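It should be emphasised that the depicted structure is a prediction, and the values quoted were computed from it without experimental measurement.
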Amino acid sequence: MTSDKSYQKYASVIIDLSLNKLLDYGVPDHLLELAEKGKRVQIPVRGFLRYGYIHSLKDQPDFTPVLPIAGVTSSHALITDDLFELALWVSRYYCAPLQKVITKMLPPSVRNNHKQKMQKYVMRAKTREELKEHCKKIRNKNSKQAEILDILLQTNKGILLSELLERANCNASPVQTLCKNDFLKIENLQIDRSPLSDAEFFRTKPKKLNSEQAETLEAIVGNMKQDAFAVHLVHGVTGSGKTEVYLQAIDQALKQGKGAIMLVPEISLTAQTIERFRSRFEGDIAILHHRLSLGERLDEWERVRAGKARIVIGARSAVFSPVKQLGLIIVDEEHETSYKQTEETPCYHARDVAVMRGKMTSSTVILGSATPSLESYYNAKTGKYILNTLSKRADTATLPNVTIVDMQREYERAQGYTTFSEPLLNGIKKRLETGEQSLLFLNRRGYHSTLF
């Protein structure tokens, strides 16, 4: 199939196939207003209709002849300009096909063109007085219609059609008749499938920061106000209050009209983590991770895209979230190996992608850890990153005393191999005498002592 027809516009399309290059297609006249960068389109490929994403629009194609776009299947751009730029960088830096990168950026439900869940919602189409008068007239002739009107008169705005039919114990025919006569109207209502929709949280207020926390926050907020890209390595001991600095930094970003992304390791994405953020920011949060159902991920992603959720909390893939006016990216426990994607293409490191996205969007990036990775600490020491140190705990708690035991001397003292040192045994004995508990952590996995 070939085409010699000329078009006013041509589109370079990333095809949803294992093809690592852009293909040009003509934009028919009836699709000129619909074809935009980032939208999903249907295009012919070797006699079959496939899907792809418009990368750019131009006046002339790079080659001829070209085939026309068959249709535009999305009402809005699925990939923003900054995400396109990031996708090209990820593709080049990690030597991955561009199509694979785009696939990673979009949830499966978005790529497969799933729709958000809708339910029919019944509302009054006339005033309460008019409905009461009509109800009196039909009560003896159409008791089911009258019963339905009685239920609608008891509601503030309306009621779900399924709930209405259940309460009236009837089918949809009486409701349809009332709608046909303009007494009621039915609209489609989107169902909220957010994982946080039914959860209850107590609102909390910002805590008072100590001098080190306040100094760190001031440096971060200063960069955000200047719309200047900067990477802050927050090196804080356990319990130093790094999370409180994150929360107040996000609050400042929201006050400046900016969005934020909070990346946490998969193991840290617990209800407790989410609760701390939800208690501070309520409905501004979207949760994105693989444990959500396809429908939940679709709804959360759409909330972010539409700007209804300005804060995204998630594991490594959340770095690709379509946050509007992105101003802050936080990578908590930046040393964690779970930020590395190693199982499928693209094999990327979410921390490095976060830094690059921050550079492309002039955002402030925070890398937080009690034990920073070697490369991040080196970048901070050489001035590439800004080092912020939290050396003491946020509250009155003190750091525990740590004793390093030379087991070689313990072997000599025991005149042979021993698993437990004398200081350890003495410490456990003291705890037992005082009725306290002891925990022993072993760095060993499995049962075999040797590997062949």
Side-chain angles (χ1 to χ4, degrees), residues 83 86-87 89-91 93-96 100-101 103-108 195-196 231-240 242-243 245-247 249-250 260-278 285-294 296-297 300-301 304 311-323 326 328-358 363 365-380 385 441-446:
L83 285 178
L86 184 64
W89 178 85
V90 171
S91 177
Y93 189 77
Y94 292 104
C95 301
K100 292 283 188 181
V101 180
T103 298
K104 178 58 63 177
M105 285 185 167
L106 298 175
L196 303 177
V231 181
H232 290 262
L233 176 61
V234 180
H235 180 198
V237 298
T238 302
S240 59
K242 295 188 292 294
T243 303
V245 174
Y246 302 156
L247 289 167
I250 292 173
I261 296 175
M262 173 79 183
L263 298 184
V264 297
E266 195 68 49
I267 56 174
S268 297
L269 198 58
T270 60
Q272 184 180 6
T273 304
I274 296 170
E275 182 179 357
R276 290 192 67 178
F277 282 82
R278 179 68 187 276
I285 296 175
I287 308 297
L288 290 175
H289 58 89
H290 75 277
R291 296 181 195 142
L292 301 180
S293 67
L294 292 178
E296 288 174 334
R297 290 183 69 182
E300 292 292 87
W301 189 88
V304 177
I311 305 169
V312 173
I313 302 176
R316 58 176 177 249
S317 61
V319 73
F320 300 119
S321 304
V323 178
L326 182 61
L328 180 66
I329 304 175
I330 302 170
V331 184
D332 191 27
E333 306 295 344
E334 62 88 26
H335 63 276
E336 276 286 343
T337 56
S338 60
Y339 285 124
K340 291 184 179 181
Q341 163 73 300
T342 58
E343 298 169 358
E344 58 184 12
T345 305
C347 296
Y348 67 96
H349 199 308
R351 179 199 61 211
D352 299 338
V353 174
V355 171
M356 183 52 64
R357 188 173 185 190
S363 301
V365 181
I366 302 175
L367 309 179
S369 176
T371 55
S373 61
L374 186 63
E375 54 268 41
S376 296
Y377 195 68
Y378 175 79
N379 285 333
Y385 296 168
F441 291 93
L442 304 180
N443 64 342
R444 179 174 169 180
R445 300 177 182 180

Between the main-chain N or O of M262 and the side-chain N or O of Y246, is there a donor-acceptor pair closer than 3.5 Å?
-> no
The side chain to side chain donor-acceptor pair (under 3.5 Å) partners of H349 (sequence neighbours excluded) come to none
Could you check if a side-chain atom of D352 sits within less than 4.5 angstrom of a side-chain atom of M356, using non-hydrogen atoms only?
-> no
Listed partners of V353 passing side chain to side chain contact (heavy atoms under 4.5 Å, CB included), at least two apart = L86, W89, V90, Y94, V319, F320, Y348
Identify the heavy atoms of L288 and W301 that sit nearest to each other, and give their distance.
-> CD2-N, 4.1 Å
Quick one: do E344 and K104 satisfy salt bridge (Lys or Arg N to Asp or Glu O under 4.0 Å)? Show the steps, please.
-> CA-CA 10 Å; E344 58 184 12; K104 178 58 63 177; 2.9 Å; yes
Heavy-atom donor-acceptor pair, S363 side chain to L326 backbone, under 3.5 Å = yes
List for me each residue that meets side chain to side chain donor-acceptor pair (under 3.5 Å) alongside T371, sequence neighbours excluded, and say none if there are none.
-> none
Would you please name every residue forming a salt bridge (Lys or Arg N to Asp or Glu O under 4.0 Å) with E343, sequence neighbours left out?
-> none
Quick one: list whatever passes side chain to side chain donor-acceptor pair (under 3.5 Å) with S376, sequence neighbours left out.
-> E334, S373
Beyond-backbone contact of N379 with V231, side-chain heavy atoms, under 4.5 angstrom = no
Selection residues 366-379 - residue pairs positive for salt bridge (charged side-chain N to carboxylate O under 4.0 Å, His left out), sequence neighbours left out | R351-E375
